[in-house]
There are 2 protein chains.
Amino acid sequence: MSALAEPNRLQIVELLRRKPLAVGEIVERLGLHQPQVSKHLRVLSEAGLVEVRPVGQLRIYRIRAQALKELDTWLDPYRRTWDERFDQLDDVLRDLKEKDKGKRNGRRK
Amino acid sequence: MSALAEPNRLQIVELLRRKPLAVGEIVERLGLHQPQVSKHLRVLSEAGLVEVRPVGQLRIYRIRAQALKELDTWLDPYRRTWDERFDQLDDVLRDLKEKDKGKRNGRRK
DNA sequence: CAGACATATTCCTGAAGGAGTATATATGAC
DNA sequence: GTCATATATACTCCTTCAGGAATATGTCTG
């Protein structure tokens, strides 16, 4: 996930979302220096977010959909949460009171 | 998104997914030092990922579901992509050939 | 008020990582 | 083979940021 934290890398991913691209094309479109793009692609590649295929002297990078599916899967439990309308704060407060009572008793002994 | 890049912060978010917690409880469960937890919570808070509610001398933190919905929304375009089975590589190669032809003609003039 | 407890903030240090430049490697054309 | 092109790597500089310790702020109890 830290691979997507870097703004330029996020841009690269969004570029590759449309279609696979060679390094030089990414350089042109983002206006970055070539070595930086190569390094970012390296990070993305090691994170499993993109994959390469050499074509002649070019290297075509494209997105690995599966990696983003994993992110999607990670979100699943939250999807369940964000529809629950009841406020769990009450439960929390009850728990805290229980815990506090325990401490007090312990102290009095 | 960079807020979630830090492992401990990610853990905090996953802890808060179950239910809101006070700072001290997060400290206990993750075995981190209290100042670090407070700092991480600050980052998460500024990123809009969590929100606070003071209860006595405690501060109860909980997840802001909306923030994660935004991540979910960001994934939407990719959801469309990762079901397409046809390989876009052919298109790319055609484009490259066109481009190359242009260069060659330009050079000969 | 004092003193205990919960949390936040400050300062310092060290490690990670992005940017820039130069260079290395690989492929294709001639 | 030489040369041009495409990409990767190495090295240095500099900024960001997480960890640690000490301290400050705030709140409750008596």
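Computed from heavy atoms alone, side chains included, the values below leave out hydrogens, waters and symmetry copies.
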If you take all heavy atoms of A:L49 and A:L68, which pair is closest and at what distance? CD2-CD2, 4.3 Å
Provide, to the nearest angstrom, the distance between the CG atom belonging to A:L58 and the C1' atom belonging to C:dA29. 14 Å
For the side chain of B:E6, counting heavy atoms from C-beta on, which of D:dA18, C:dA6, D:dT7 is nearest? D:dA18
Identify, between A:G56 and A:V43, the residue whose nearest nucleotide on DNA chain C lies closer to the 5' end. A:V43
My understanding is that only one of B:V27, B:L21, B:I26 makes a side-chain contact (heavy atoms from CB on, under 4.5 Å) with B:V23; could you say which? B:V27
Quiz question: going by heavy-atom distance under 3.5 Å, is there a donor-acceptor pair between the base of C:dA8 and the side chain of B:Q34? yes
CD of B:Q36 versus P of D:dC17: gap in Å, rounded? 16 Å
Nearest heavy-atom pair of B:R17 and A:P77: which atoms, and what distance? NH1-CB, 3.0 Å
Whole-Å distance between C:dA8 C1' and B:L32 CG? 16 Å
For the side chain of B:S38, starting at C-beta, report the closest nucleotide among D:dA8, D:dG19, C:dT7. C:dT7
Could you check how far NZ of B:K39 sits from P of D:dA22, rounded to whole Å? 14 Å
B:R9 CZ to D:dT16 P: how many Å, rounded? 15 Å
Is a salt bridge present between B:R79 and B:D76, judged by a nitrogen-to-oxygen distance below 4.0 Å? yes
Report which part of the nucleic acid B:P35 touches: base, sugar-phosphate, or nothing (heavy-atom distance under 4.0 Å, all strands). base
Within the supplied structure, the quantity of interest is the number of heavy atoms (other residues, nucleotides, ligands) at a distance under 6.0 Å from B:R42 CZ; does it exceed 12? no
Winner on side-chain proximity to B:Q57, out of D:dG26, C:dT27, C:dT9, is D:dG26
A:A22, nearest nucleotide to its side chain (from C:dT7, D:dT7, D:dA18): D:dT7
Which one, C:dG18, D:dT9, D:dT7, comes nearest to the side chain of A:H40? C:dG18
Separation of C:dG20 P from A:H33 NE2 (nearest whole Å): 5 Å
